[in-house]
Amino acid sequence: MAKYDPSTIEPKWQAYWDENKTFRVDDDTSKPKYYCLDMFPYPSGSGLHVGHPEGYTATDIICRYKRKCGYNVLHPMGWDAFGLPAEQYALKTGTHPATTTAKNIDTFRRQLKMLGFSYDWDREVNTTDPDYYKWTQWIFCELYKKGLAYIAEVPVNWCPELGTVLANEEVIDGKSERGGHPVIRRPMRQWMLKITEYAERLLDDLNLVDWPTGTRVMQEEWIGQSFGAEVDFKVNGHDAQVTVFTTRPDTLFGATYMVLAPEHHLVGQITSDAVSAEVGAYVEQAARRSERDRVQDVASKTGVFTGAYATNPVNGKSIPIWISDYVLASYGTGAIMAVPGHDQRDWDFAKTFDLPIIEVISGGNIDESAYSGQGELVNSGLLDGLSVADAKKTIIDWLESNQSGQGTVNYKLRDWLFSRQRYWGEPFPIIHTEDGEIRLAEQSELPIRLPETENYKPSGSGESPLSNVSDWVNVTLDDGRLGRRETNTMPQWAGSCWYYLRYIDPHNDEQAWDPEKEKYWMPVDLYVGGAEHAVLHLLYARFWHKVLYDLGHVSTPEPFMKLIHQGIILGEDNQKMSKSRGNVINPDDVVNEYGADAMRLFEMFMGPLEATKPWKTTGVDGVRRLLDRIWRLAVDPETDALRVEDSAAPDDIQKALHRTIKKVTEDIEGMRFNTAIAAMMELTNLLTKSNHHGRDALEILVQLMAPFAPHFSEELWARLGHQESIAYVKWPQYDAALIIDQMQTYAVAINGKMRAQIELPRDVAKDDALAQARGLENIQRHMDGKTIRKEIFVPGRMINLVVS
RNA sequence: GCGAGGAUGGCGGAAUUGGCAGACGCACUGGAUUUAGGUUCCAGCGGGGAAACCCGUGGGGGUUCGACUCCCCCUCCUCGUACCA
């Protein structure tokens, strides 16, 4: 082999790493730890696309670098393998989802190994493995015992076509995200997790983590904390009261009507006979539309008067009670007091139905629009003359002392719908006994395995296919009672909520993980994955983690300290890659043509990690050329002999070498891989141009390349005469003294325009520098006949002469 | 609407955070080597201009000796979100 040939050296070194367990990690607590986590993939049937290796290459570079810096690095990989596609494939072909999943995982693993990622494969986890989901079930038991899991009849997104209930995020425009089938709302018995109980801490503890601001903001908005008050309005002529939530209790005197959500439990009770038909029709119509549909049309307001009135506790005034779908049943109390003077939605509604509008905050013009700014309270009795902030305090005190309400904090966050009507998910460790008890499995009974079956069809009633497997569903308890297993399964999020903990101790069959190991490895230092998980996965995982923290199972309040989202890689046509557009790049093809190291380099060279950027196959030529050139610096392409000399590097090369060490080190730390590669290209260009083959220079360059192009670097390192893998060879250090220039090039400008350059000693005195600059020929020419007004001297950089 | 991010050569992108705009790479052009090249090497490559110079980082204003960088206004793009009381 004369030329650089990735197709022979890459498999060679992958085999070497496998055989020597080069990247196996021990719990060596004498070394500082670094836990670097990739979001594990769903092993789809189509295999890896080029987007996956982007994040994985970035973390692999960090990990390989950290190892060389003496860290004990945990860098694992696994499979988030439950999910609908394998089940749908089973329906179509009869292939068991486990078979499909195993096959897909084999493809993914092969592709990841092909790219030379330094995972500790002994720690691979698979969410569908009973030895894994045993502990997912165990965590559910812990949640249940803590009172955080409950059953509720909740209106859910029922998709008849898929025979399953979908999460809100899986419904787009009233259609299922997968397949585009119609979705309707229907109440169903569901498992819920009380994530709302953790709302405040999930919000506050965002301060403990180093996350992208966009992601933090999204989580904050999703949690949606707002401060306000609950106010009780007595319904006239009924033994009932309507409690509303408002963030503007200061505007209580401006409430001119109330609105209940159509689903509000009091609607039936308070509606007067005269309008019951009309109200009934409106309620029915609202029920047919999904919540998402209902909020589509923000501009126009609809609603119906119930015929009932309520009394404003603060002034005893009677105000009409309406129903409208602009009030959401699932937020706050499902009822509002309407203050059209100071809330645009209420204003729009009041205008539509000709309801009175009263000004209670001065400063706006309520004839034109609602005024939501600051101002002085007016028409508000005891609040008159106060500021908005003071009025809020005063009225909350008044409400509390008059038993008419209290200050509260409200959240947009809702409890987590945690059951799916599917086969291919974790079974709940729950038996419903004939006498109505909900019996949780003992730990010794876990895992509750998925039964083998040929029938994956949804029962149609809404129950999962598991209900078809009667000898699994029906059980007799030790005490002789009969029972039915829970037939719902857990959502795909379940397994991904805690996989990072299982990596710590993946083969433990006594417990989910050893607390001592957890203390050493947690928290995750760096977590890299797609921005599409900014809210759901990351919020759910944080929730579980906090519960586990409260139960003493983990030692840190937050699981993921630093978070980075890799950008999306577009097709060469600047469009999102998709099969239908035919612009998908297959990593296998790229590796075949250019090699894995070139693929890795190019993924990093394209641009900043977090940016969205288009793929360009000819661009791979550039990084491949880098590898070829470095190769030729070390190996004679004619004879395949090493052509390294032991001669010392001249000063300019020495300087460039140490500058490159500095640059690459800092860029890796800052995850600026594109500029790190550019720096190595510059060094390579210099060595090539200088025809320099010094051992010192080459060894350093190979070391710097090692995290980026690991096979290539191992091969050259070995050829350079080293017996050991380069993986743990100490990262090169730069000598700061060698980087300093004794002479520096200054730009000399007149009125800010660069007119000349001058070489000056590093420690040149200002006056000296200015004098020399003034003497330059081109400077003289530009100053001719003008007076110097000001002289700027920036040490090491430039001189600016201001003339007129 | 709201929130976050962005706009720099033909293209992807750099710019030590206020100090020589366009590093590095792709594409392209010219030259050398080669029987040949999707090879290698050398040189060029923002626009205008023989040149001196002039213009140039989405647009407009401002601060400054000096602005891709800071401030104000506007346009467009991408992502997220959407009556949350």
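In what follows, chains carry the letters A, B, and so on, assigned in the order in which the sequence lines appear, proteins first and then strands, with residues in each chain numbered from 1. Bear in mind the structure is a predicted one, so any value in this text is a computation, not a measurement.
Among the atoms of the strands shown, only primed sugar atoms or phosphate atoms (P, OP1, OP2) are found under 4.0 Å from some heavy atom of A:Pro608. Among the atoms of the strands shown, none is found under 4.0 Å from any heavy atom of A:Arg672. Counting any heavy atom pair closer than 4.0 Å across all strands shown, A:His782 reaches sugar-phosphate atoms only and no base atom. Contact annotation for A:Asn778: backbone-only contact, meaning every heavy-atom pair under 4.0 Å involves sugar-phosphate atoms and none involves a base. Residue A:Arg781 is in sugar-phosphate contact alone, with no base atom involved, counting any heavy-atom pair closer than 4.0 Å across all strands shown.
Shown here are the salt bridge (Lys or Arg N to Asp or Glu O under 4.0 Å) partners of A:Asp741, two or more places apart in sequence or in another chain: A:Lys655, A:Arg659. Here A:Glu220 pairs with nothing under the side-chain hydrogen bond (donor to acceptor under 3.5 Å, both in side chains) rule; sequence neighbours left out. Applying the side-chain contact (heavy atoms from CB on, under 4.5 Å) test to A:Arg781 and every residue at least two apart in sequence or in another chain returns A:Asn778. Among residues two or more places apart in sequence or in another chain, the side-chain contact (heavy atoms from CB on, under 4.5 Å) test is passed with A:Gln406 by A:Glu230, A:Glu400, A:Thr408. By the side-chain contact (heavy atoms from CB on, under 4.5 Å) test, A:Glu54 is found to be paired with A:Gln566, A:Ile569, A:Glu603, A:Met604, A:Leu609, A:Lys613, residues two or more places apart in sequence or in another chain being considered. Not counting sequence neighbours, the partners of A:Asp250 by the side-chain contact (heavy atoms from CB on, under 4.5 Å) test are A:Arg248, A:Ile361, A:Val388, A:Ala391, A:Lys392.
The interatomic distance linking A:Lys616 (NZ) with B:rA27 (P) rounds to 7 Å, in whole Å. Atom CZ of A:Arg216 is separated from atom C1' of B:rC79 by 19 Å (rounded to the nearest Å). One interatomic measurement links the two molecules: CH2 of A:Trp631 to P of B:rC41, which rounds to 16 Å at whole-angstrom precision. Summarising the geometry, the separation between CD on A:Glu638 and C1' on B:rU40 is reported as 11 Å, rounded to the nearest angstrom. If you measure from atom NZ of A:Lys753 to atom P of B:rA52, you get 16 Å, rounded to the nearest angstrom. Distance CG (A:Leu627) to C1' (B:rG25): 13 Å, rounded to an integer number of Å.
Taking atom P on both nucleotides, B:rC70 is separated from B:rC2 by 23 Å, rounded to a whole Å.
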Using the 3.5 Å cut-off, write out each protein N or O paired with an N or O of nucleotides 20-24 of chain B and the distance between them.
{"from": "B:rC20", "atom 1": "O2", "to": "A:Gln757", "atom 2": "NE2", "distance (Å)": "2.7"}
{"from": "B:rC20", "atom 1": "N3", "to": "A:Gln757", "atom 2": "NE2", "distance (Å)": "2.8"}
{"from": "B:rA23", "atom 1": "O2'", "to": "A:Glu682", "atom 2": "OE1", "distance (Å)": "3.3"}
{"from": "B:rA23", "atom 1": "O2'", "to": "A:Glu682", "atom 2": "OE2", "distance (Å)": "3.2"}

Dump the pairs, protein N or O against N or O of nucleotides 33-39 of chain B, anything under 3.5 Å, distances to one decimal.
{"from": "B:rG38", "atom 1": "N2", "to": "A:Glu593", "atom 2": "OE2", "distance (Å)": "3.4"}

Review item, side-chain donor-acceptor pairs of residues 528-538 of chain A, under 3.5 Å, at least two apart:
{"from": "A:His537", "atom 1": "NE2", "to": "A:Tyr527", "atom 2": "OH", "distance (Å)": "2.8"}

### Query
Dot-bracket for RNA chain B, 5' to 3', with Watson-Crick and G-U pairs under 3.5 Å, [ ] for crossing pairs and | for other-strand pairs: what is it?
(((((((..(((......[....))).(((((.......))))).(((....)))..(((((..]....))))))))))))....
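With distances taken from any side-chain atom of A:Asn800 to the nucleotides B:rC53, B:rC65, B:rG13, the minimum falls on B:rC65. Distances from the side chain of A:Ile792 to the nucleotides B:rA4, B:rC65, B:rA85 place B:rC65 closest. Checked against B:rC65, B:rA27, B:rC53, the side chain of A:Lys790 finds its nearest nucleotide in B:rC65. Set against B:rG3, B:rG19, B:rC83, the side chain of A:Asp325 has B:rC83 as its closest nucleotide.
The aromatic rings of A:Phe602 and A:Trp615 stand perpendicular to each other, their planes meeting at an angle above 60°, with 30° marking the opposite boundary.
The salt bridge (Lys or Arg N to Asp or Glu O under 4.0 Å) contacts involving residues 567-576 of chain A comprise nothing, where partners must be two or more places apart or lie in separate chains. Sorted by first then second residue, the salt bridge (Lys or Arg N to Asp or Glu O under 4.0 Å) pairs that include residues 788-804 of chain A, not counting sequence neighbours, are A:Arg774-A:Glu791.
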